[in-house]
Amino acid sequence: MNHRREEELRVGIVGCGHVAEYHARFLRTLPGVKLVGIADVQTEAAQRFAQQHGVLTVGHSVANLLDSTRLDVLHVTTPPAFHYASALAALERKVHVFLEKPMAFTVGEVTHLYEQAGNAGLCLCPDFINLFHPRMQQVLRSIESGELGRAVHVDAEMCLDLGLELREGEGLHWSHRLPGGFLRDYASHLLYLALYFTGWPVDLQVSRKATGTLPQGVLDHLAVQVNGERCTASVLLSCLSRRSSYRVRVFCENGFAEVDFESQTALIKPRSGWPRKVSLALGNFATSFSLSSQATANITNFIRGKLVPYAGLQTLLPRFYDSIRAGSPPPVSRELATAVTVAEEKIFADATPSLIARGLYAPSVQAGVRRSERVLVTGASGYVGQQVVQALVKDGFWVRAMARPTSPLERLKQLGVEIFLGDIRSPEDMKDAAQGMQAIIHLAAGIQGSLQTIVDTCERGTQNVAKAAIQQGARRVIYMSSLSVYDLAKLRSGQQISSDSLLEEKPEQRGAYSLGKRLAEDVALAQLSHPLPAWTIVRPSLIVGGGRDLLAPLGPKLGNTVICMSSRRKRLALVHVSDVAEAMVQILQHENTAGKVYLLSHPEDLTVGQYIRNCVRRSAVKGAHVAYVPYIVSRSAMLMAALVRKATGFGPRLSKRQLLSMYRGYSCVSAELLADTGWQPCGSLLDRLVRENDNRSAGPPTTSQAATVQEAEYAEASVHVRR
């Protein structure tokens with residue numbers, strides 16, 4: 001089906017997620033191409049997308065879109081589970097298809113799509129985006145010119161970090177539920193780069209590991225050795241490295257070439273005609289000059305707005321539309337697309353089953369339950385949550401641990417508690433988790449991520465807890481708040497905080513966490529007057545110990561230097577995480593704590609200088625330096641940053657209230673909690689922190705994401721697990 005160049009091609013997009021934004025953006029730059037329709041099962045998202053891009057036709061499905069408007073081309077940007085069906089629906093209606101990767105999950109499906117396209121004279125093209133990245137195109141031109149000779153081996157590697165979308169999404173992101181899990185969504189990128197050079201994969205040797213960096217024990221490390229028709233390749237796809245990377249290196253007869261997609265640089269090194277010693281002496285200068293020049297160009301393009309994400313898509317799309325108009329083969333060959341699918345199918349042949357998105361993950365195997373109350377703990381997989389669950393188990397409570405489906409769960413499984421997967425932002429999840437529970441200890445809160453995620457987790461989460469507690473007839477709710485709810489900017493330096501101290505009036509100026517906790521506080525305070533369920537609010541000071549970095553209370557680290565936004569005389573209010581857990585258990589056992597607000601802090605009166613001298617310096621923290629930043633310096637830097645941001649639109653945001661809260665020293669006491677429950681912290685806080693840190697430094701390293709609690713304490717609690 002040929003199209004004359006002067007004809008306008010009518011284009012639709014199905015799936016309006018993040019990548020669809022770039023499809024729409026680049027389509028606007030193509031002459032003779034018009035985006036006329038959008039479809040998504042989330043109607044509101046589709047309508048927002050359509051309004052943003054001036055699209056008139058909005059459908060709720062691919063069939064609805066194809067039936068409601070005439071299309072020449074369909075871009076399929078849905079999650080991969082819908083790629084095959086969406087592409088097939090378009091091809092059956094004589095519509096060209098541009099398809100995100102992976103094209104489909106089986107070779108049979110990909111073959112069927114190409115046969116359908118071939119029979120109808122249509123163009124079908126997968127989005128093998130980084131083959132068309134400007135730096136990769138530079139390398140391909142060099143190799144294809146014969147400058148480097150024939151390719152003999154390819155190394156392709158990608159080390160991944162869970163992005164915000166995966167960490168923050170409500171429920172379980174679709175990429176975790178692919179056949180083979182999270183890695184399946186990225187494997188195509190490495191395979192099409194490798195197989196472009198190797199040709200058909202004659203033999204594949206696959207090594208797989210699941211080490212716990214991804215949820216529910218799914219595959220997180222993949223190494224593939226490819227024996228291809230033309231050359232060999234090594235492919236590495238892993239979540240184990242803490243540094244994200246994405247690069248491909250092509251070894252040739254007369255040199256090598258490398259593309260780093262993270263830094264957007266290319267390095268081409270043909271074999272030098274110079275003597276070896278001269279090449280060794282001068283080679284690094286040439287490499288440095290090349291990389292520096294490219295880095296400078298990247299910075300310049302960034303400032304000019306020309307360094308865009310998905311740069312390969314910007315190159316690939318014009319070629320795809322030129323092939324439609326010319327009736328020529330698409331820019332990605334059928335042979336390469338099929339070879340990639342063959343490799344994917346073999347690599348993920350023993351794919352793990354889909355992850356559990358919500359509901360029961362592990363039944364209880366607790367033994368030694370001595371108390372009648374059944375306790376639900378939200379945020380149970382977190383730093384404080386694991387300690388609270390452990391303390392409840394040791395004290396004989398039956399525990400249901402609520403955690404997100406992407407959370408590390410091994411520690412909870414060791415304790416033998418029932419594990420319920422759900423998202424606290426979901427009223428349905430919270431209602432089901434609270435069923436049959438007499439008490440709820442609510443710890444879940446957003447700490448990192450976008451403002452919306454942090455605020456929703458704190459405020460909506462607490463609203464859902466309150467509603468579920470009433471619906472399911474819970475008797476008690478204990479809510480862990482924070483001292484960040486107080487108006488620290490209005491405190492005098494060194495002042496003692498009480499439960500009646502002034503709460504923050506302008507939390508939006510303090511940052512996302514303070515805003516979220518302050519809004520959640522209002523929800524909890526509104527429940528205190530209700531007899532059932534009876535609420536208790538606990539406001540702990542800065543929580544330390546149990547594996548947390550000793551330098552964390554002082555400020556952020558740059559290398560081995562801690563940037564301390566205070567003076568040595570600033571007072572620190574700290575409490576050990578295990579003391580927090582014990583306080584929760586004590587409150588749960590005392591009816592007279594209902595309807596009250598408690599401060600929770602260790603009674604040791606410390607300054608920053610004392611903490612550094614008696615804890616950090618005495619411990620096994622090696623090579624750490626502390627740089628004190630006077631308030632006047634920080635205030636001046638804040639004003640300068642504001643001027644730069646006003647002039648350029650870039651720069652950090654820091655309010656005066658945030659700054660004052662960092663510098664303000666204060667103390668608080670737990671006298672009311674002691675009087676009502678008899679709670680006492682366990683010994684000297686500083687001695688305990690030093691002892692924990694030295695023991696951890698002397699012991700074997702652990703790779704578990706949940707290694708925030710001492711192994712010995714877990715071993716003690718695990719005696720209550722049925723074998």
Side-chain angles (χ1 to χ4, degrees), residues 1 13-15 19 23 62-63 66 73-132 156 174-175 177-181 183-204 206 222 224 226 228-229 233 235 237 312-313 316-317 319-320 323-324 328-351:
M1 183 182 293
I13 297 177
V14 57
V19 70
H23 283 251
V62 63
L66 292 167
V73 186
L74 181 70
H75 287 229
V76 179
T77 60
T78 64
F82 306 101
H83 284 182
Y84 170 70
S86 299
L88 184 59
L91 294 171
E92 289 176 341
R93 289 169 171 80
K94 305 297 188 291
V95 175
H96 303 279
V97 174
F98 188 82
L99 183 58
E100 278 296 326
K101 54 80 200 161
M103 294 183 71
F105 293 141
T106 69
V107 177
E109 290 176 339
V110 169
T111 300
H112 186 205
L113 291 179
Y114 273 108
E115 289 176 348
Q116 190 75 27
N119 292 337
L122 297 169
C123 192
L124 169 65
C125 183
D127 184 15
F128 288 177
I129 181 173
N130 285 315
L131 269 178
F132 299 86
W174 55 258
S175 62
R177 308 189 74 179
L178 296 175
L183 297 188
R184 185 67 180 265
D185 191 38
Y186 291 89
S188 300
H189 283 307
L190 296 178
L191 290 171
Y192 63 66
L193 291 170
L195 299 183
Y196 180 86
F197 296 98
T198 69
W200 192 263
V202 177
D203 182 49
L204 295 176
V206 184
L222 184 66
V224 183
V226 182
E229 285 182 318
V235 172
L237 182 58
L313 183 63
L316 174 55
L317 283 181
R319 298 189 186 185
F320 169 66
S323 68
I324 291 176
S328 58
V332 176
S333 70
R334 173 177 177 174
E335 290 73 21
L336 178 59
T338 306
V340 168
T341 309
V342 166
E344 288 175 332
E345 194 168 4
K346 181 169 183 179
I347 291 168
F348 297 102
D350 301 322

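Computed over heavy atoms, backbone and side chain alike; hydrogens, waters and symmetry mates excluded.
Considering CD of Gln116 and CG of Leu122, their distance stands at 8.5 Å, rounded to 0.5 Å. Note: Glu335 CD to Leu195 CG = 13.0 Å, rounded to the nearest 0.5 Å. Rounded to the nearest 0.5 angstrom, Leu124 CG and Glu115 CD are separated by 12.0 Å. Of the inter-residue distances, the one linking Ser86 atom OG with Leu66 atom CG reads 9.0 Å to the nearest 0.5 angstrom. With rounding to the nearest 0.5 Å, the separation of OG in Ser333 from OH in Tyr192 is 13.5 Å. Here the OG1-CZ distance, from Thr111 to Arg334, works out to 6.0 Å after rounding to the nearest 0.5 Å.
With hydrogens and angles ignored, the 3.5 Å screen pairs a side-chain donor or acceptor of His96 with a backbone N or O of Cys123. Using a distance-only test at 3.5 Å, with no hydrogens or angles considered, a donor-acceptor pair links the side chain of Glu345 to the main chain of Val107. His189 places no side-chain N or O within 3.5 Å of a backbone atom of Asn130 that could act as its donor or acceptor partner.
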Would you check, one step at a time, whether the test side-chain contact (heavy atoms from CB on, under 4.5 Å) holds for Val235 with Ile347?
-> CA-CA 11 Å; Val235 172; Ile347 291 168; over 6 Å; no
Start with the C-alpha distance between Phe320 and Asp127, add both sets of side-chain angles, then the distance that settles side-chain contact (heavy atoms from CB on, under 4.5 Å), and finish with yes or no.
-> CA-CA 10 Å; Phe320 169 66; Asp127 184 15; over 6 Å; no
Between Leu131 and Leu193, does a side-chain contact (heavy atoms from CB on, under 4.5 Å) hold up when you go through it step by step?
-> CA-CA 6 Å; Leu131 269 178; Leu193 291 170; 4.0 Å; yes
Apply the test side-chain contact (heavy atoms from CB on, under 4.5 Å) to residues Asp185 and Lys101: give CA-CA distance (whole Å), side-chain angles for both, the deciding distance (0.1 Å), then the verdict.
-> CA-CA 8 Å; Asp185 191 38; Lys101 54 80 200 161; 3.2 Å; yes
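When the shell of 6.0 Å around OH of Tyr114 is examined, it contains more than 12 heavy atoms from other residues, nucleotides or ligands.
Using a 4.5 Å heavy-atom cutoff, the side chains of Phe82 and Val62 are not in contact. Residues Phe348 and Leu222 form a side-chain contact, since some pair of their non-hydrogen atoms from C-beta on lies under 4.5 Å apart. Side-chain contact between Ile324 and Phe98: absent, with no pair of heavy atoms (C-beta onward) separated by less than 4.5 Å. A 4.5 Å side-chain heavy-atom check between Glu100 and His83 finds at least one atom pair inside the cut-off. For the pair Leu88/Leu113, a side-chain contact is recorded, criterion being any heavy-atom separation below 4.5 Å from C-beta on.
Closest approach of Ala120 to Lys94, counting heavy atoms only: CB-CD, 3.7 Å. Here the closest non-hydrogen pair linking Arg184 and Pro179 is NH1-O, 3.1 Å. Pairing each heavy atom of Pro330 with each of Cys125, the nearest pair is CB-CB, 4.0 Å. Of all the heavy atoms in Phe128 and Val332, the pair that sits closest is CD1-CG1, 3.5 Å. Residue Leu91 comes nearest to Ala117 through the heavy atom pair CD2-CB, 4.0 Å, listed as atom of the first residue, atom of the second, then distance. When all heavy atoms of Val14 and Val76 are compared, the closest pair comes out as CG1-CA, 3.7 Å.
Between Tyr84 and His112, the ring planes lie tilted relative to each other; the angle falls in the 30° to 60° range.
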